[in-house]
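Remarks on the structure that follows.
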Amino acid sequence: MPNSPRQPRQEFISKRIPGARFLDLDEVSSPHELGLKHMMPEERVFADACEKFGIEKETYVVIYDTHGIFSSPRALFMFRTFGHQRSSILDGGLPAWLAGGFSVESGALSPITATKYPTPTLQIEALRSYEQIVANSTAEASDQTDLVLDARSHGRYSGFDPEPRPGLSSGHIPHSFSLPFNLFLRQISGTDGTTYTTFLPPEEIRRALEQAVGLERADLIIRGSIPVTTSCGSGMTACILWLGLKLLGVERISLYDEVGSPKRLLLDN
């Protein structure tokens, strides 16, 4: 993520769940003319990555990160959108694993036997492009227009706080609703003094949704009467909202992934 001094690959080599492999979402992605990171990969790029990791179509994949809940939902979204349903995240990630007293390993990785992974079909209905979001923002509200949820902080949404990426305007997509991703999470204090995150129980996730969009709209979203699209700065934390809503049983849900090569930003301040 921008402005982060961390070295995730080195951290993985020094401490990981036994048998784990390192997934770099910026490597398993599609190039973008504006340099946007971790865009959804093409089908064969995803399949090649699976083969490299020794994953087959029936392999159960568990994904974790070192924050607890941060990047793992984005990886899960990728697997699910390519039809790999046998996948989940580890709620609480590596910190929760350590808090549970489970062992870790370090050092060089053991060799992987490459597999064959069939080229999947992208579930395009799970994504919204730039052009679709622009059209949606100017359309008359109906049960066919998407309700857009913005996972960024309220300061970035309102335009008071700057974007962490140089050259990007502050503000939000017209008619979108602010729902910072951290409102779906709880902070856990580890035994070493650090904190990590896990998902809140579903009833508390629903309460956060209701406070963001109102009781009536929340009920319509959960019942599938109106579609919802989650958005953020790069498609990372929007997946936390995506997964939180999935935990509520929401089916008509998509993610704004800037696969449409936007030439400009459409923002309200």
Side-chain angles (χ1 to χ4, degrees), residues 25-26 28-43 45-46 71 73-85 120-152 156-157 163 165 168-181 184 209 212-213 217-218 220-268:
L25 289 171
D26 286 335
V28 187
S29 66
S30 293
H32 193 283
E33 65 178 74
L34 298 183
L36 301 177
K37 301 295 186 181
H38 42 260
M39 297 292 97
M40 281 290 289
E42 296 178 356
E43 289 92 337
V45 171
F46 172 77
S71 58
R74 174 71 192 197
L76 180 66
F77 176 83
M78 178 176 68
F79 274 88
R80 293 288 181 89
T81 305
F82 281 117
H84 198 107
Q85 297 301 315
T121 299
L122 177 69
Q123 298 175 4
I124 193 64
E125 68 278 2
L127 294 169
R128 293 290 183 268
S129 69
Y130 169 73
E131 288 80 7
Q132 288 173 310
I133 291 295
V134 171
N136 188 80
S137 71
T138 59
E140 189 75 22
S142 72
D143 60 359
Q144 298 303 312
T145 54
D146 290 5
L147 186 151
V148 179
L149 295 174
D150 191 324
R152 299 172 303 152
R156 291 169 65 189
Y157 171 89
E163 287 295 303
R165 295 167 182 81
L168 291 185
S169 301
S170 297
H172 59 272
I173 296 169
H175 312 301
S176 61
F177 289 81
S178 176
L179 180 52
F181 72 92
F184 277 10
L209 176 65
V213 303
R217 288 193 186 94
L220 292 172
I221 289 170
I222 293 169
R223 289 194 288 109
S225 298
I226 56 174
V228 62
T229 295
T230 62
S231 174
C232 61
S234 68
M236 185 71 74
T237 58
C239 289
I240 296 175
L241 296 188
W242 167 81
L243 183 51
L245 293 175
K246 282 289 187 181
L247 294 175
L248 296 183
V250 175
E251 294 296 333
R252 296 182 70 188
I253 184 170
S254 57
L255 177 83
Y256 175 26
D257 191 273
E258 292 183 346
V259 292
S261 299
K263 305 294 185 182
R264 61 198 183 282
L265 294 177
L266 181 70
L267 298 174
D268 276 354

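We count residues from 1, following the sequence as given.
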Parallel, tilted or perpendicular: ring planes of Tyr157 versus His172, cut at 30 and 60 degrees: parallel
Parallel, tilted or perpendicular: rings of Phe82 and Phe46 (30°, 60°):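 Aromatic pair Phe46/Phe82 classed parallel.
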What heavy-atom pair brings [X] and [Y] nearest, and what distance separates the two atoms?
X	Y	result
Ile173	Ser137	CG2-CB, 4.3 Å
Leu179	Ala212	CD1-CB, 3.8 Å
Gly235	Cys239	O-SG, 3.4 Å
Trp242	Thr230	N-CG2, 3.9 Å
Ala218	Val213	N-CG2, 3.6 Å
Ser71	Leu25	O-CD1, 4.0 Å

side-chain hydrogen bond (donor to acceptor under 3.5 Å, both in side chains) partners for Arg252, two or more places apart: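 Residues passing side-chain hydrogen bond (donor to acceptor under 3.5 Å, both in side chains) with Arg252: none at all.
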Residues that Asp146 engages under side-chain hydrogen bond (donor to acceptor under 3.5 Å, both in side chains), provided they are two or more places apart: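 Expected list: Arg128, Thr229.
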Arg156: partners by salt bridge (Lys or Arg N to Asp or Glu O under 4.0 Å), with sequence neighbours left out: Glu163
Partners meeting salt bridge (Lys or Arg N to Asp or Glu O under 4.0 Å) with Glu251 (sequence neighbours left out): Lys246
Nearest-0.5 Å distance that lies between atom [atom1] in [X] and atom [atom2] in [Y]:
X	Y	atom1	atom2	value
Phe181	Ile240	CZ	CD1	5.0 Å
Ile221	Leu149	CD1	CG	5.5 Å
Tyr256	Asp150	OH	CG	11.0 Å
Leu147	Leu220	CG	CG	9.5 Å
Arg217	Ser225	CZ	OG	13.5 Å
Leu248	Leu243	CG	CG	10.0 Å

Side-chain donor or acceptor of Thr81 paired with backbone N/O of Met78 under 3.5 Å: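 No: the side chain of Thr81 does not pair with the backbone of Met78.
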Derivation of the side-chain contact (heavy atoms from CB on, under 4.5 Å) call for Ser254 and Glu125: CA-CA 7 Å; Ser254 57; Glu125 68 278 2; over 6 Å; no
Stepwise side-chain contact (heavy atoms from CB on, under 4.5 Å) test for Ile253 and Leu241: CA-CA 10 Å; Ile253 184 170; Leu241 296 188; over 6 Å; no
side-chain contact (heavy atoms from CB on, under 4.5 Å) between Phe77 and Leu127, intermediate numbers included: CA-CA 10 Å; Phe77 176 83; Leu127 294 169; 3.6 Å; yes
Trace of the side-chain contact (heavy atoms from CB on, under 4.5 Å) decision for Asn136 with Gln132: CA-CA 6 Å; Asn136 188 80; Gln132 288 173 310; over 6 Å; no
Which residues share a ring-ring contact (aromatic ring centres under 6.0 Å, His included) with Phe184, sequence neighbours left out: none
ring-ring contact (aromatic ring centres under 6.0 Å, His included) involving Phe177 - partner list, sequence neighbours excluded: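 Not a single residue meets the ring-ring contact (aromatic ring centres under 6.0 Å, His included) criterion with Phe177.
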